[in-house]
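In each ligand, atom 1 is the first atom listed, and ligand 1 is the first ligand listed.
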Amino acid sequence: MKISQNTKKLLNNQIVLEANAASSYLAMASWCEITGYVGAAKFFYAQSDEERSHMLKFIHYLNNIGGNATIPATKSPPNSFKSLESTIRAALNNEQLVTKAIYAIVETAQKEKDHSTHTFLDWFVNEQVEEEKKFETILQKFDLIGRDKIAIHEIDKILGNLVTKD
Ligand code: FEO
(Lines give C-alpha, C1' and ligand atoms only; values in the text may rest on other atoms or scores of the structure.)
Protein backbone atom coordinates (compact mmCIF):
# COMPACT_ATOMS: atom_id res chain seq x y z
CA MET A 1 0.00 0.00 0.00
CA LYS A 2 1.25 3.48 -0.85
CA ILE A 3 1.17 6.19 1.73
CA SER A 4 2.01 9.83 1.03
CA GLN A 5 5.10 11.44 2.55
CA ASN A 6 2.84 14.01 4.14
CA THR A 7 0.66 11.39 5.87
CA LYS A 8 3.75 9.48 6.93
CA LYS A 9 5.12 12.65 8.54
CA LEU A 10 1.81 13.36 10.31
CA LEU A 11 1.55 9.78 11.61
CA ASN A 12 5.13 9.88 12.88
CA ASN A 13 4.36 13.20 14.54
CA GLN A 14 1.37 11.57 16.22
CA ILE A 15 3.72 8.94 17.66
CA VAL A 16 5.65 11.84 19.24
CA LEU A 17 2.45 13.35 20.69
CA GLU A 18 1.29 10.03 22.16
CA ALA A 19 4.76 9.33 23.59
CA ASN A 20 4.87 12.80 25.16
CA ALA A 21 1.36 12.29 26.58
CA ALA A 22 2.48 8.97 28.10
CA SER A 23 5.43 10.63 29.82
CA SER A 24 3.42 13.68 30.93
CA TYR A 25 0.83 11.45 32.58
CA LEU A 26 3.59 9.37 34.12
CA ALA A 27 5.06 12.55 35.67
CA MET A 28 1.60 13.52 36.97
CA ALA A 29 1.15 10.02 38.42
CA SER A 30 4.50 10.20 40.16
CA TRP A 31 3.76 13.68 41.58
CA CYS A 32 0.35 12.48 42.82
CA GLU A 33 1.98 9.44 44.43
CA ILE A 34 4.56 11.57 46.23
CA THR A 35 1.89 14.06 47.30
CA GLY A 36 -0.34 11.36 48.76
CA TYR A 37 -3.08 11.42 46.14
CA VAL A 38 -3.40 7.66 45.96
CA GLY A 39 -6.46 7.54 43.70
CA ALA A 40 -5.16 10.17 41.29
CA ALA A 41 -1.79 8.40 41.08
CA LYS A 42 -3.55 5.17 40.11
CA PHE A 43 -5.62 7.11 37.57
CA PHE A 44 -2.63 8.80 35.92
CA TYR A 45 -0.51 5.63 35.85
CA ALA A 46 -3.35 3.94 33.98
CA GLN A 47 -3.75 6.98 31.74
CA SER A 48 -0.05 6.83 30.89
CA ASP A 49 -0.41 3.14 29.94
CA GLU A 50 -3.32 4.09 27.69
CA GLU A 51 -1.21 6.67 25.88
CA ARG A 52 1.52 4.12 25.34
CA SER A 53 -1.05 1.81 23.79
CA HIS A 54 -2.16 4.66 21.49
CA MET A 55 1.45 5.20 20.48
CA LEU A 56 1.77 1.49 19.69
CA LYS A 57 -1.35 1.58 17.50
CA PHE A 58 0.26 4.32 15.39
CA ILE A 59 3.60 2.47 15.24
CA HIS A 60 1.95 -0.77 14.09
CA TYR A 61 -0.29 0.97 11.58
CA LEU A 62 2.57 2.95 10.05
CA ASN A 63 4.76 -0.14 9.80
CA ASN A 64 1.94 -2.24 8.36
CA ILE A 65 1.40 0.18 5.51
CA GLY A 66 5.11 0.40 4.76
CA GLY A 67 5.62 3.78 6.36
CA ASN A 68 8.44 2.97 8.82
CA ALA A 69 7.66 4.30 12.27
CA THR A 70 10.31 6.41 13.96
CA ILE A 71 10.64 5.96 17.72
CA PRO A 72 11.12 9.46 19.14
CA ALA A 73 12.89 10.92 22.14
CA THR A 74 10.31 12.32 24.52
CA LYS A 75 10.64 15.77 25.99
CA SER A 76 11.01 16.05 29.72
CA PRO A 77 7.57 16.84 31.18
CA PRO A 78 6.83 19.11 34.16
CA ASN A 79 7.46 17.08 37.31
CA SER A 80 5.70 19.22 39.87
CA PHE A 81 2.28 20.80 39.94
CA LYS A 82 0.45 23.50 41.83
CA SER A 83 -2.54 21.35 42.70
CA LEU A 84 -4.48 18.26 41.73
CA GLU A 85 -6.81 20.49 39.74
CA SER A 86 -3.89 21.88 37.74
CA THR A 87 -2.86 18.36 36.66
CA ILE A 88 -6.37 17.72 35.34
CA ARG A 89 -6.44 21.09 33.56
CA ALA A 90 -3.05 20.38 31.95
CA ALA A 91 -4.29 16.95 30.90
CA LEU A 92 -7.41 18.44 29.29
CA ASN A 93 -5.29 20.98 27.38
CA ASN A 94 -3.09 18.15 26.18
CA GLU A 95 -6.07 16.10 25.01
CA GLN A 96 -7.43 19.10 23.10
CA LEU A 97 -4.09 19.42 21.27
CA VAL A 98 -4.11 15.72 20.47
CA THR A 99 -7.66 15.99 19.09
CA LYS A 100 -6.59 18.83 16.79
CA ALA A 101 -3.63 16.80 15.55
CA ILE A 102 -5.86 13.76 14.87
CA TYR A 103 -8.33 15.95 12.95
CA ALA A 104 -5.47 17.33 10.84
CA ILE A 105 -4.50 13.78 9.81
CA VAL A 106 -8.15 12.91 9.07
CA GLU A 107 -8.44 15.98 6.84
CA THR A 108 -5.23 15.07 5.00
CA ALA A 109 -6.41 11.48 4.55
CA GLN A 110 -9.73 12.75 3.15
CA LYS A 111 -7.94 15.07 0.73
CA GLU A 112 -5.64 12.31 -0.42
CA LYS A 113 -8.46 9.75 -0.65
CA ASP A 114 -6.43 7.59 1.73
CA HIS A 115 -9.33 5.43 2.93
CA SER A 116 -7.15 3.12 4.95
CA THR A 117 -5.71 5.89 7.14
CA HIS A 118 -9.10 7.55 7.38
CA THR A 119 -10.71 4.33 8.65
CA PHE A 120 -7.81 3.65 11.02
CA LEU A 121 -8.31 7.10 12.57
CA ASP A 122 -12.03 6.54 13.28
CA TRP A 123 -11.16 4.83 16.54
CA PHE A 124 -9.04 7.80 17.61
CA VAL A 125 -11.72 10.35 16.72
CA ASN A 126 -14.14 8.54 19.06
CA GLU A 127 -11.47 8.03 21.70
CA GLN A 128 -10.72 11.76 21.79
CA VAL A 129 -14.40 12.55 22.42
CA GLU A 130 -14.26 10.20 25.41
CA GLU A 131 -10.92 11.55 26.65
CA GLU A 132 -11.95 15.21 26.55
CA LYS A 133 -15.30 14.41 28.18
CA LYS A 134 -13.56 12.45 30.93
CA PHE A 135 -11.23 15.31 31.89
CA GLU A 136 -13.99 17.94 31.60
CA THR A 137 -16.18 15.89 33.94
CA ILE A 138 -13.35 15.54 36.47
CA LEU A 139 -12.67 19.29 36.30
CA GLN A 140 -16.34 19.99 37.04
CA LYS A 141 -15.98 18.06 40.29
CA PHE A 142 -13.83 20.86 41.73
CA ASP A 143 -16.72 23.31 41.22
CA LEU A 144 -19.32 20.82 42.42
CA ILE A 145 -17.58 19.29 45.45
CA GLY A 146 -15.08 22.00 46.32
CA ARG A 147 -11.39 22.66 46.76
CA ASP A 148 -10.90 22.23 50.48
CA LYS A 149 -9.03 19.25 51.91
CA ILE A 150 -12.11 17.08 52.35
CA ALA A 151 -13.32 17.81 48.81
CA ILE A 152 -9.91 17.04 47.31
CA HIS A 153 -9.80 13.79 49.27
CA GLU A 154 -13.20 12.90 47.81
CA ILE A 155 -12.10 13.76 44.25
CA ASP A 156 -8.93 11.70 44.75
CA LYS A 157 -11.11 8.71 45.66
CA ILE A 158 -13.33 9.29 42.60
CA LEU A 159 -10.25 9.32 40.36
CA GLY A 160 -9.03 6.03 41.82
CA ASN A 161 -12.43 4.46 41.18
CA LEU A 162 -12.30 5.43 37.49
CA VAL A 163 -9.57 2.83 37.01
CA THR A 164 -11.01 -0.61 36.35
CA LYS A 165 -7.75 -2.61 36.31
CA ASP A 166 -5.21 -2.86 39.15
FE1 FEO B 1 -3.83 9.37 23.10
FE2 FEO B 1 -5.37 10.67 25.38
O3 FEO B 1 -4.85 10.73 23.60
Side-chain angles (χ1 to χ4, degrees), residues 3 6-33 37 39-65 67-110 114 116-142 155-156 158-166:
I3 177 173
N6 197 17
T7 301
K8 181 180 163 182
K9 206 170 109 194
L10 290 171
L11 290 170
N12 264 314
N13 182 56
Q14 198 61 37
I15 294 173
V16 176
L17 293 183
E18 303 293 346
N20 283 338
S23 76
S24 287
Y25 292 150
L26 194 55
M28 289 174 188
S30 178
W31 178 81
C32 287
E33 192 166 49
Y37 296 141
K42 188 175 164 195
F43 170 79
F44 276 119
Y45 279 122
Q47 192 67 38
S48 175
D49 284 348
E50 241 184 63
E51 298 303 341
R52 186 172 187 280
S53 81
H54 296 171
M55 177 186 69
L56 286 172
K57 280 182 198 282
F58 278 101
I59 291 171
H60 294 320
Y61 177 69
L62 199 40
N63 287 339
N64 286 342
I65 56 169
N68 291 3
T70 305
I71 308 307
T74 51
K75 68 170 193 233
S76 179
N79 272 282
S80 75
F81 301 88
K82 217 173 68 216
S83 61
L84 183 59
E85 186 176 358
S86 74
T87 64
I88 304 294
R89 203 169 288 284
L92 176 61
N93 288 342
N94 182 62
E95 293 300 332
Q96 288 166 340
L97 284 177
V98 168
T99 301
K100 273 195 195 150
I102 300 272
Y103 285 0
I105 320 177
V106 170
E107 283 157 25
T108 302
Q110 281 169 332
D114 177 350
S116 144
T117 302
H118 191 188
T119 303
F120 164 73
L121 289 170
D122 270 355
W123 185 88
F124 284 94
V125 170
N126 291 326
E127 172 72 6
Q128 284 312 115
V129 173
E130 296 299 318
E131 293 279 79
E132 286 194 29
K133 183 77 202 149
K134 175 165 69 182
F135 285 111
E136 278 164 2
T137 304
I138 299 166
L139 261 189
Q140 265 182 333
K141 303 272 181 233
F142 293 91
I155 294 169
D156 183 44
I158 291 171
L159 281 165
N161 287 336
L162 289 176
V163 183
T164 43
K165 62 173 185 172
D166 275 316

Seminar exercise, completed: Rounding to 0.5 Å, atoms NZ (K141) and CD1 (I155) come to a distance of 8.5 Å

For this session: List the steps, then state whether side-chain hydrogen bond (donor to acceptor under 3.5 Å, both in side chains) holds for Q14 with E18.
Result: CA-CA 6 Å; Q14 198 61 37; E18 303 293 346; 3.1 Å; yes

For this session: Using a strict cut-off of less than 4.0 Å between a Lys/Arg side-chain nitrogen and an Asp/Glu carboxylate oxygen, indicate whether K133 and E130 qualify as a salt bridge.
Result: no

For this session: Looking only at non-hydrogen atoms, find the nearest pair between G39 and D156 and report the distance.
Result: N-OD1, 3.0 Å

Exercise. Taking only residues two or more places apart in sequence, or in another chain, which ones meet I71 in a side-chain contact (heavy atoms from CB on, under 4.5 Å)?
Worked result: I59

Problem set entry | atom 1 (Fe) of ligand 1 neighbourhood, protein N/O/S only, threshold under 2.8 Å | E18 OE1, E51 OE1, H54 ND1

Problem set entry | Check: S24 side chain, N20 main-chain N or O, donor-acceptor pair, under 3.5 Å | yes

